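From a predicted model like this one, the values you see are computed outputs, not experimental measurements.
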Amino acid sequence: MTKTYAIDFESYYDNDCSITNGLENYVNHPDFDCYMVSIWGDDDFNWVGHPKDAPWELICGHTWISHNRSFDEGLWNLLSHDWVEPGVGPADWHCSADCAAYHGFPRSLKESCKEVFAVDISKGTRDNMKGLQWETMNEDFQKEVARYALDDSQYCYLLWKELSPTWPEWERELSKETTRMCWTGMPINSQKLDDSITHLHNVIAQARDGIPWHDDDRAALSPIEWANWVRSRGKLPPDTMAKDDPDTVDWAEENPEEGKVLELTWTLRGANAMIKKLQSMQRRVRPDGTLPFGMKYFGANLTGRDSGDLGFNVQNMSKGELYGVDMRSLIEARPGNTLLIADLSQIEARVIAWLAGDKELLKLAEEGVDWYEAVGRAMGLYNEEGPLKENDPNLRDTLKALSLGCQFAMGAERFASVAGLPLHEAKRLTQLYRHRNPKVVALWGKLKRGFIESSREPDKEFRLALPSGRSIPYRGVSTRNGTSAMMPRGGRMIRHKVWHGILVENATQALARDVFMDRVLALLKEDLKPILRVHDEVVFEVEESKAEESAKAIQRIMTSPPEWIPSLPLDTEVTKSPFYTK
């Protein structure tokens with residue numbers, strides 16, 4: 001009979017020897033030492049001590065659980081050859097942090113156990129372990145560390161036993177696939193990466209040299225120095241130096257000489273941020289040219305979308321060239337290979353139409369009509385013969401902004417800002433959207449009513465059910481001082497305002513995520529293993545000779561809806577490129 005054991009490793013860490021530099025760099029740091037493992041399993045089995053002394057043979061072939069499996073399994077993969085004979089290991093390894101996130105709880109063991117078991121786990125011991133090697137700890141503190149480690153593995157085990165029965169098998173597979181993908185890594189053009197860093201150093205130096213108040217003693221980006229310099233020229237500075245502030249942008253246009261200097265501060269700040277990202281990549285690239293990275297399964301609260309992790313966020317790479325560097329293009333196929341890039345086209349717009357039951361719009365899409373043309377025709381804004389994309393691309397852009405914004409109950413002022421339209425025109429279009437899309441508006445009302453009604457239930461919990469089989473939990477629903485619920489934010493449960501726009505956005509993004517991830521698993525079944533997932537996009541590295549065959553398979557799978565939502569029309573475009581691009 002297969003048993004379950006929670007595994008938790010403890011290792012030395014400080015500011016320099018840290019997991020934030022990447023797992024392999026952490027393990028290879030000269031100060032690194034994995035000095036303890038704690039195990040808690042079925043029948044109250046428990047053990048704590050040095051990994052080389054652990055009873056690995058006893059728990060071999062059983063199910064192992066860790067709270068943050070990517071760390072513990074990663075350590076095992078890198079170090080277990082020093083502890084066990086080849087072949088010793090688990091039958092399966094799951095992540096209780098991923099399981100907790102799926103159920104709408106914070107990822108951390110402390111906060112998830114606080115919500116599930118109403119216990120307060122102290123992390124003070126962990127904090128006090130920082131900068132201490134095992135042999136430098138006194139005997140009392142060593143005992144405290146052992147108790148702390150065993151408590152962690154016990155609560156990891158208990159959390160798994162409590163939540164895992166309602167964690168679907170396909171979500172578990174997706175959790176493991178996320179770890180596999182991140183551990184395998186992406187191919188990087190190391191020479192191009194080095195050249196990009198050199199280029200950014202030059203950009204930074206040139207920007208710094210062009211800032212008049214900069215010298216060795218004063219920060220080039222100091223708001224005080226900037227304001228003093230502007231006043232020295234007989235002018236009043238703007239309230240902020242921020243490049244995304246409309247008043248600041250207007251001020252720069254009205255004061256072109258000072259505006260040029262302000263733009264240099266923007267360049268300096270942005271290029272500094274980018275070079276840090278590239279240097280993080282550079283430190284992590286393996287000798288074989290691959291870059292392992294971190295990504296959280298179910299990282300986005302409630303919707304379940306991926307999020308970045310471990311200091312380098314692959315979900316937030318800039319698009320196109322910025323400061324003379326195209327960050328995405330650094331991901332480059334190895335010789336003899338190419339990249340295939342595919343995304344689910346207009347997936348959120350398609351999903352909300354499905355949720356609202358807009359069969360007319362879905363039928364047009366199923367017939368192959370461009371989605372935003374279908375929106376225009378359904379709303380009576382485009383009735384001409386021929387494709388909208390060719391006849392009136394500006395109208396298509398407006399319909400795209402209208403579809404993406406107003407579907408989540410965006411107001412006219414916000415839409416005017418997003419679409420770059422006069423307020424009167426934005427008001428006309430938002431009113432028209434609501435008039436011509438009564439089913440979407442009805443969906444807003446249905447979700448709002450269900451949310452409010454749940455506040456009268458004993459458990460005060462609203463569950464937004466999805467056709468994938470999961471539901472989004474809103475706990476502690478309240479209508480006092482507006483509608484709100486307890487949701488995970490910033491690593492803990494907090495009360496957050498909720499309105500119908502948020503509810504429909506969460507439902508849409510969550511269902512879009514489930515459709516996308518279902519297709520990812522379908523791709524894996526045909527041995528198409530992604531090297532990267534970014535939002536609704538998936539990237540593969542394939543042999544050049546098999547690119548056409550692989551692209552056809554990807555196209556077929558990505559345009560086939562999941563079995564549990566057969567009436568949702570999907571579309572995709574598979575792009576072949578030697579490097580990652582958008």
Side-chain angles (χ1 to χ4, degrees), residues 70 170-171 173-190 192-193 281 284-286 288-299 304-309 312-320 326-347 512-562 570-582:
S70 61
W170 78 277
E171 290 283 1
E173 289 303 312
L174 188 59
S175 165
K176 290 188 287 186
E177 161 58 16
T178 302
T179 302
R180 179 211 64 80
M181 179 180 65
C182 294
W183 184 256
T184 302
M186 307 175 289
I188 298 295
N189 185 326
S190 296
K192 190 174 180 180
L193 174 59
M281 292 174 66
R284 296 161 186 245
V285 175
R286 297 169 174 141
D288 67 356
T290 58
L291 172 69
F293 58 97
M295 192 164 73
K296 291 177 181 175
Y297 156 88
F298 228 90
R305 290 189 162 189
D306 296 323
S307 68
D309 193 18
F312 171 59
N313 188 355
V314 296
Q315 304 294 312
N316 194 30
M317 291 185 286
S318 55
K319 298 178 182 179
D326 185 347
M327 188 175 182
R328 294 185 175 216
S329 72
L330 300 175
I331 303 170
E332 185 173 312
R334 286 163 281 204
N337 293 348
T338 189
L339 299 186
L340 295 176
I341 308 158
D343 71 349
L344 287 178
S345 304
Q346 308 98 24
I347 182 60
R513 174 265 182 197
D514 289 358
V515 170
F516 174 71
M517 294 304 184
D518 180 279
R519 296 298 81 201
V520 167
L521 293 178
L523 289 160
L524 284 168
K525 288 179 181 178
E526 297 203 16
D527 204 31
L528 289 162
K529 297 180 180 179
I531 62 168
L532 179 64
R533 301 194 306 257
V534 179
H535 307 305
D536 304 315
E537 186 174 69
V538 63
V539 185
F540 304 85
E541 183 185 22
V542 301
E543 294 179 24
E544 182 75 47
S545 61
K546 298 180 180 179
E548 184 176 352
E549 176 188 350
S550 297
K552 288 180 180 178
I554 294 168
Q555 179 79 26
R556 169 176 52 80
I557 294 168
M558 293 285 279
T559 55
S560 301
L570 299 180
D571 193 19
T572 192
E573 181 179 352
V574 182
T575 302
K576 177 185 173 185
S577 174
F579 50 81
Y580 181 38
T581 184
K582 178 64 175 181

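Arg334 approaches Pro187 most closely through the heavy-atom pair NE-CB, 3.9 Å. Contact between Trp170 and Asp514 at its shortest, heavy atoms only, is CH2-O, 3.9 Å. The nearest pair of heavy atoms linking Cys182 to Phe293 is CB-O, 2.8 Å. Of all heavy-atom pairs between Ser307 and Gly299, the closest is OG-CA, 3.2 Å. The two atoms that bring Leu528 and Ala553 nearest to each other are CD1-CB, 3.9 Å, heavy atoms only. Between Pro578 and Thr338, the shortest heavy-atom distance links the atoms N-OG1, 4.1 Å.
The only member of Thr559, Leu570, Asp571 that meets side chain to side chain contact (heavy atoms under 4.5 Å, CB included) when paired with Ser345 is Asp571. With respect to Met186, the side chain to side chain contact (heavy atoms under 4.5 Å, CB included) criterion is satisfied by exactly one of Val285, Thr290, Leu532: Leu532. Screening Lys546, Glu543, Glu541 for a side-chain hydrogen bond (donor to acceptor under 3.5 Å, both in side chains) with Asn337, the sole residue that qualifies is Glu541.
A heavy-atom distance below 4.5 Å is found between the side chains of Thr581 and Ile341. Residues Pro561 and Val515 form no side-chain contact, since every pair of their non-hydrogen atoms from C-beta on lies 4.5 Å or further apart. Thr575 places none of its side-chain heavy atoms less than 4.5 Å from the side chain of Glu537. Residues Val538 and Met558 form a side-chain contact, since some pair of their non-hydrogen atoms from C-beta on lies under 4.5 Å apart.
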**OP:** Go through Lys525 and Glu177 one step at a time and tell me if the salt bridge (charged side-chain N to carboxylate O under 4.0 Å, His left out) criterion holds.
**Re:** CA-CA 12 Å; Lys525 288 179 181 178; Glu177 161 58 16; over 6 Å; no
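Distance check, rounded to the nearest 0.5 Å: OH of Tyr580 to CG of Leu339 gives 10.0 Å. Here the straight-line distance linking atom NZ of Lys529 with atom CG of Leu523 works out to 13.0 Å at 0.5 Å rounding. To the nearest 0.5 Å, atoms CZ (Phe540) and CD1 (Ile531) are separated by 9.5 Å. Atom CG of residue Asn316 and atom CE of residue Met327 lie 8.5 Å apart, to the nearest 0.5 angstrom. For the atom pair Phe298 CZ and Ser175 OG, the distance stands at 11.0 Å (nearest 0.5 Å). Leu524 CG to Arg180 CZ: the interatomic distance, rounded to the nearest 0.5 Å, is 6.5 Å.
Using a 4.0 Å cut-off between a side-chain N of Lys or Arg and a carboxylate O of Asp or Glu, Arg305 and Asp536 qualify as a salt bridge.
Panel note: side chain Arg519, backbone Ile554; no donor-acceptor pair is recorded below 3.5 Å. For the pair Thr572 (side chain) and Asp343 (backbone), a donor-acceptor distance under 3.5 Å is present. Listed for the Arg328 side chain is a donor-acceptor partner under 3.5 Å among the backbone atoms of Met317.
In Glu573, the CD atom is not crowded: 12 or fewer heavy atoms of neighbouring residues, nucleotides or ligands sit closer than 6.0 Å. More than 12 non-hydrogen atoms from other residues, nucleotides or ligands lie less than 6.0 angstrom from CD of Glu544.
In the model, Arg533 has a side-chain atom that pairs as donor or acceptor with a side-chain atom of Thr178 under 3.5 Å.
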